[in-house]
Engineer: 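The structure follows.
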Amino acid sequence: MKIASVKGFHDILPGETARWAWVEQRAREVFARYHFREVRIPILERTELFTRSIGDTTDIVEKEMYTFVDRDGTSLTLRPEGTAGVVRAYVEHALAQQEPVSKLFYFGPMFRRERPQKGRLRQFHQIGVEVLGRDDPAIDAEVLMLLHDLLVELGLRSFTIELNSLGDERCRPAFREAIRAFGEAHRGHLCENCQRRLERNPMRLLDCKVASCTALMATAPTMESFWCQPCREHLAAVRHMLDHASVPYKVAPRIVRGLDYYVRTAFEVKAEGLGAQNAVGGGGRYDGLVKSLGGPDVPGIGFALGLERVLLVLGAAVDEQLEPPLEAFVAPLDAEAELQTLAVARRWRREGLKIELGSASRSLKSQMRQADKSGAPFVFIVGEAELEAGAATVRDMLRKRDYRCAVSFRWTVPEVRAYLRSLGESAEEAPRHE
RNA sequence: GUGAGUGUAGCUCAACUGGCAGAGCACCGGACUGUGGCUCCGGGGGUUGAGGGUUCGAGCCCCUUCACUCACCCCA
């Protein structure tokens, strides 16, 4: 019986890893421009970190966590999201004492034990950012700008940033109660799920997709009418700043978010092509979280992007962005040629040339096939004649032309590259062979 | 956790009312000397997801089980 990977845990094979690396690289560049710095934190945390931050009644904590008891009896959990761990590290190392504002990003696997489907895995990857230490609207706007720039940089064509305010501890409880009362009054018209939500998490009634509920909730009290003055002004300021900087977004009074710690600013990124899922990312403000985890009363805001979903949306479009993996392929024809090319190739590789080496144990025909598949634009063929001349014959794969004993084994990589470039230029002027 | 669908070669899929398990792609090799893609020829590769049952005979019918996929819930 073969051993297969765990359900919902996928291998990412060489055919795909270049895409992942490209996305990560793009993201790093954007983060650098906004002066965010990377943190790398553990995948395993004490269970209470998540129960206390995410919220006892959320789906994540109630039914989706990978939790087990360690040998010494402590309960540990594979992180289902990134913010809790970042905040834990922030508190544990007293970063607030060292700098007034921390702008952080991370990249890594998250774990939720849900039933897998398109765009949803049990181990999935997120790229996320957190800003600790600022609660003014300008930082919210800046984070949303970063999010927008990142999505554009990654090549997402059609996406929407949906923005809302969830209110804060002053105004949200009243709204929550109003929704509960409203739902209670119309209990008979709610779908089964919403009837359950009524007790557990009434705010969720707002984003139910069942048509009858949507219709009913359209007549429900709105968050907007409950916002306290500071919340109202905060959102207005964020919007004003985004508008002024021409950052596109859509106001979405119904978005609610699945984690308890969010206050005020909350947002999601919606895109097409994800099956039943349509969110590639989401985030929001979490002003009370640091304090509730034993730290100073420091505000925070952040977001996370699901990498699998980003890659799903991008599809094959990413491939055109990838660098060609090889500059040349070297084909030795016999044992002596192999001995020489091994040494020469090694020297060139140390100088940065990306080359693949064939094997003299295979025929030239076979090596050419291999070279063709590798995508190398040139093949350096080395047989008896080339050894005598101390230079490789170059096969230009695109233009189907040979240059006998043209590339000296003694050349440096810049010389090799200059020569290969010159072939392209001269061939444009010269009449094409078939 | 609930529902539906699908399991045959590495991948995508055929195989009539039960009758010798196949194709395309991919991989490897060849088509006179040291040259790729196109074409042609050849080759390797299978416990038909697993276990049991019915039958002279099961990929196909029955039971059990496992896995995967999609959807619900919810989210990245």
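Naming convention: chains lettered A, B, ... in sequence-line order (proteins, then strands); numbering from 1 in each chain. Here the structure is a predicted model, which means the values were calculated and not measured.
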Engineer: Excluding sequence neighbours, so at least two apart, what forms salt bridge (charged side-chain N to carboxylate O under 4.0 Å, His left out) with A/Asp402?
Structural biologist: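 So A/Asp402 forms a salt bridge (charged side-chain N to carboxylate O under 4.0 Å, His left out) with A/Arg395.
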
Engineer: For A/Leu305, which contact category applies under a 4.0 Å heavy-atom criterion: base, sugar-phosphate, or nothing?
Structural biologist: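 Contact class for A/Leu305: none.
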
Engineer: Could you tell me how far B/G43 sits from B/G24 if I compare only their P atoms? Round to whole Å.
Structural biologist: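 Approximately 12 Å lies between the P atom of B/G24 and that of B/G43.
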
Engineer: Taking the side chain of A/Thr393 as heavy atoms from C-beta outward, which of B/G37, B/G34, B/A76 is closest to it?
Structural biologist: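 Nearest to the side chain of A/Thr393 among the choices is B/G34.
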
Engineer: Distances under 3.5 Å only, N/O to N/O: pair up the protein atoms with those of nucleotides 2-8 of chain B.
Structural biologist:
residue, atom, partner, partner atom, Å
B/U2, O4, A/Arg115, NH1, 2.5

Engineer: Which atom pairs link the protein and nucleotides 24-33 of chain B when you take only N or O atoms and keep those under 3.5 Å?
Structural biologist:
residue, atom, partner, partner atom, Å
B/C27, OP1, A/Lys373, NZ, 3.4
B/C28, OP2, A/Lys373, NZ, 2.9
B/G29, OP1, A/Arg362, NE, 3.4
B/G29, OP1, A/Arg362, NH2, 3.4
B/G29, OP1, A/Ser366, OG, 3.0

Engineer: Can you give the dot-bracket line for RNA chain B, using ( ) for pairs inside the strand, [ ] for pairs that cross earlier ones, | for pairs with another strand and . for unpaired bases, where Watson-Crick and G-U count if both distances are under 3.5 Å?
Structural biologist: (((((((..((((.....[..)))).(((((.......))))).....(((((..]....))))))))))))....

Engineer: Could you check whether the side chain of A/Glu114 and the base of B/A76 have a donor-acceptor pair of N or O atoms closer than 3.5 Å, going by distance alone?
Structural biologist: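 Under the 3.5 Å cut-off, the side chain and the base do form a donor-acceptor pair.
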
Engineer: For A/Glu81, answer base if it contacts any base atom (sugar-phosphate contacts may also be present), sugar-phosphate if it contacts only those atoms, and nothing otherwise; contact means non-hydrogen atoms under 4.0 Å.
Structural biologist: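 Here A/Glu81 touches no strand at all.
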
Engineer: Please list, by residue number, the residues of residues 149-157 of chain A whose heavy atoms come closer than 4.0 Å to an atom of RNA chain B; answer none if no residue qualifies.
Structural biologist: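 Going residue by residue through residues 149-157 of chain A, none turns out to have a heavy atom under 4.0 Å of RNA chain B.
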
Engineer: With a cut-off of 3.5 Å and sequence neighbours excluded, list every side-chain donor-acceptor pair involving residues 383-394 of chain A.
Structural biologist:
residue, atom, partner, partner atom, Å
A/Glu386, OE1, A/Gly383, N, 2.9
A/Glu386, OE2, A/Thr393, OG1, 2.5
A/Thr393, OG1, A/Cys405, N, 3.1

Engineer: Answer yes or no: does a side-chain N or O of A/Gln126 lie under 4.0 Å from OP1 or OP2 of B/A76?
Structural biologist: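 Answer is no, no contact under 4.0 Å.
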
